[in-house]
Colleague: 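Below is a structure I'd like to ask you about.
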Amino acid sequence: MADEIKKNVPLLPLRGLLVYPTMVLHLDVGREKSVQALEQAMMNDHMIFLATQREISIDEPGEEEIFKVGTYTKIKQMLKLPNGTIRVLVEGLNRAEIESYVELEDYTSVDIKELAEEELKDAEAEALMRTLLDHFDQYIKISKKISAETYATVTDIEEPGRMADIVSSHLPLKLKDKQEVLETVDVKKRLNRVISLIHNEKEVLEIEKKIGQRVKRSMERTQKEYYLREQMKAIQKELGDKEGKTGEVSSLMSKIEASSMPDSVRETALKELNRYEKIPASLPRAL
């Protein structure tokens, strides 16, 4: 691993998201200390350190509430919105780790060390990349929430570590899992971790799909039974059977519901009544 590079930069804590190296995205910033950190960075070299806080609900996180590993980032654009919020376009550069905090009057800065990674693309790394792409392709086909263009973009990535980061950024992972990927500096271990995560996500999607299909079939069956039952009632009414079998079934239903019989007995009684209701009125009843 290359020598670790140390720097002091303003800190911008993130709530509910993180930024991987090479990612470019917009952030909306509203907290006063965060705004001050951005302005300080813009006055200097446009560099800032992004680190995710452990709990979204905390408005002013302390040192113990912020993950130590984050991303050394360049601010590419900054725009003040009418509501006072600042929208920034940032580009993640390198993984880095907080060594110490420097509490200033208006904002917090941190001493960080950049965590360099070795991009060794040997046969094992190549195999891991192919495996990850295969899993990502299968995931996209199941989820249908990621475009084919995104997959094509990922297939063009030649750096193993970057591929792991970008795939992870597109998965609906828990924050702690995304943070774990960020903290994994060893590229092969990172590829293995993302493969494991995407495999788990595929299994969850497949189970969700099966549950959805089962619920749909059940609803269709219930709707069909309700429709047929209503049709039967309408036909019986037209045939003047209001006081005949329909009335009898209604009376028996009321008696069953009003009774204090055990649930298992009531369920059996309702099942038998339902079966009796479906028997055509013209058929002779067994005595």
Colleague: May I ask you to check whether Thr150 and Thr153 show a side-chain donor-acceptor distance below 3.5 Å?
Modeller: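 On atom types as modelled, these side chains do not qualify, holding no pair under 3.5 Å.
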
Colleague: Of Ile48, Thr108, Leu50, which meets side chain to side chain contact (heavy atoms under 4.5 Å, CB included) against Leu11?
Modeller: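 Filter result, single survivor: Thr108.
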
Colleague: Is there a donor-acceptor contact under 3.5 Å from the side chain of Tyr20 to the main chain of Lys178?
Modeller: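 Here the side-chain-to-backbone pair exists.
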
Colleague: Do any pairs count as a ring-ring contact (aromatic ring centres under 6.0 Å, His included) and have a residue in residues 112-140, sequence neighbours left out, and if so which ones?
Modeller: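 Residue pairs with at least one partner in residues 112-140: His135-His199.
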
Colleague: Please step through side-chain contact (heavy atoms from CB on, under 4.5 Å) for the pair Met42 and Ile75, ending with a clear verdict.
Modeller: CA-CA 8 Å; Met42 292 299 289; Ile75 302 171; 3.5 Å; yes

Colleague: Assess the side chains of Glu32 and Gln36: does a donor N or O sit below 3.5 Å from an acceptor N or O?
Modeller: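 Looking only at side-chain atoms, Gln36 and Glu32 do form a donor-acceptor pair, the distance falling under 3.5 Å.
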
Colleague: On the six-membered ring of Tyr72, is Arg95 placed so that its NZ or CZ lies under 6.0 angstrom from the centre and within 45° of the ring axis?
Modeller: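 Verdict for Tyr72: no cation-pi partner in Arg95.
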
Colleague: Quick one: do Asp111 and Lys7 make a salt bridge, cutoff under 4.0 Å?
Modeller: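 Lys7 and Asp111: not salt-bridged.
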
Colleague: Do any N or O atoms from the side chain of Glu225 and from the backbone of Thr222 form a donor-acceptor pair under 3.5 angstrom?
Modeller: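 Pair absent, no side-chain N/O of Glu225 close to backbone of Thr222.
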
Colleague: Could you go step by step and tell me if Leu81 and Ile86 meet the side-chain contact (heavy atoms from CB on, under 4.5 Å) rule?
Modeller: CA-CA 6 Å; Leu81 301 179; Ile86 291 183; over 6 Å; no

Colleague: Is it true that a side-chain atom of Gln53 and a backbone atom of Glu55 form a donor plus acceptor pair closer than 3.5 Å?
Modeller: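 A pair under 3.5 Å: yes.
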
Colleague: Does this structure show an ion pair linking Arg193 with Glu180, if we count only N-O contacts that are shorter than 4.0 Å?
Modeller: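 Judged by the 4.0 Å cut-off on N to carboxylate O distance, Arg193 and Glu180 do form a salt bridge.
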
Colleague: Which residues pass the side chain to side chain contact (heavy atoms under 4.5 Å, CB included) test with Asp122, not counting sequence neighbours?
Modeller: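 For Asp122 the side chain to side chain contact (heavy atoms under 4.5 Å, CB included) partners, ignoring immediate neighbours, are Glu124, Ala125, Lys188.
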
Colleague: Determine whether Ile198 and Leu171 satisfy the following criterion, side-chain contact (heavy atoms from CB on, under 4.5 Å), listing intermediate values before the conclusion.
Modeller: CA-CA 7 Å; Ile198 200 170; Leu171 299 178; 3.9 Å; yes

Colleague: Pairing donors with acceptors under 3.5 angstrom, does anything connect the side chains of Tyr227 and Gln231?
Modeller: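 Yes - a donor-acceptor pair under 3.5 Å links their side chains.
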
Colleague: Salt bridge check, Arg190 against Asp186: does any charged N sit closer than 4.0 Å to a carboxylate O?
Modeller: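 No.
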
Colleague: Can you confirm whether Val102 sits close enough to Ser109 that some side-chain heavy atom of one is under 4.5 Å from a side-chain heavy atom of the other?
Modeller: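 When only atoms from C-beta onward are counted, Ser109 and Val102 do touch, with a gap below 4.5 Å.
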
Colleague: Membership question, hydrophobic clusters at under 4.5 Å side-chain separation (ILVMFWY): are Ile140 and Ile142 in the same one?
Modeller: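 Hydrophobic grouping puts Ile142 with Ile140.
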
Colleague: Inspect the contact between Lys76 and Glu91 and indicate whether a charged nitrogen and a carboxylate oxygen are less than 4.0 angstrom apart.
Modeller: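 A salt bridge links Glu91 with Lys76.
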
Colleague: Please determine whether a side-chain nitrogen of the Lys or Arg among Glu272 and Arg275 lies less than 4.0 Å from a carboxylate oxygen of the Asp or Glu.
Modeller: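 Salt bridge flag = yes for Arg275 with Glu272.
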
Colleague: Strictly distance-based, threshold 3.5 Å: is any side-chain N or O of Ser168 a donor or acceptor partner for the main-chain N or O of Ala164?
Modeller: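 A pair under 3.5 Å: no.
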
Colleague: Tell me whether Arg15 contacts the main-chain N or O of Arg54 through its side chain, where contact means a donor paired with an acceptor under 3.5 Å.
Modeller: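 No; zero donor-acceptor contacts below 3.5 Å.
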
Colleague: Tell me whether Arg162 is salt-bridged to Asp165, with the criterion being a basic N under 4.0 Å from an acidic carboxylate O.
Modeller: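 Here Arg162 does not pair with Asp165 in a salt bridge, since their nearest N and O are not under 4.0 Å apart.
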
Colleague: Got a second to check how far Ser147's OG is from His170's NE2, nearest 0.5 Å?
Modeller: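 The NE2 atom of His170 is 8.0 Å from OG of Ser147, to the nearest 0.5 Å.
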
Colleague: For Arg31 and Pro13, indicate whether the former's side chain and the latter's backbone hold a donor-acceptor pair under 3.5 Å.
Modeller: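 Present.
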
Colleague: Using modelled atom types only, decide if a donor and an acceptor are shared between the side chain of Gln179 and the backbone of Val69 within a distance under 3.5 Å.
Modeller: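 Checking the backbone N and O of Val69 against the side chain of Gln179, a donor-acceptor pair under 3.5 Å is found.
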
Colleague: Without swapping roles, check the side chain of Ser169 against the backbone of Ile166 for a donor-acceptor pair under 3.5 Å.
Modeller: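 Judged by distance alone, yes, a pair lies under 3.5 Å.
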
Colleague: Verify side-chain contact (heavy atoms from CB on, under 4.5 Å) between Thr71 and Leu182, making sure each step is shown before the conclusion.
Modeller: CA-CA 9 Å; Thr71 307; Leu182 183 65; 3.8 Å; yes

Colleague: Can we say Glu126 and Arg130 salt-bridge, meaning some charged N sits less than 4.0 Å from an Asp/Glu carboxylate O?
Modeller: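 Answer for the salt bridge query: yes.
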
Colleague: Do Lys216 and Gln213 have side chains that get closer than 4.5 Å, going by heavy atoms?
Modeller: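 They are not in contact (no side-chain heavy atoms under 4.5 Å apart), so the answer is no.
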
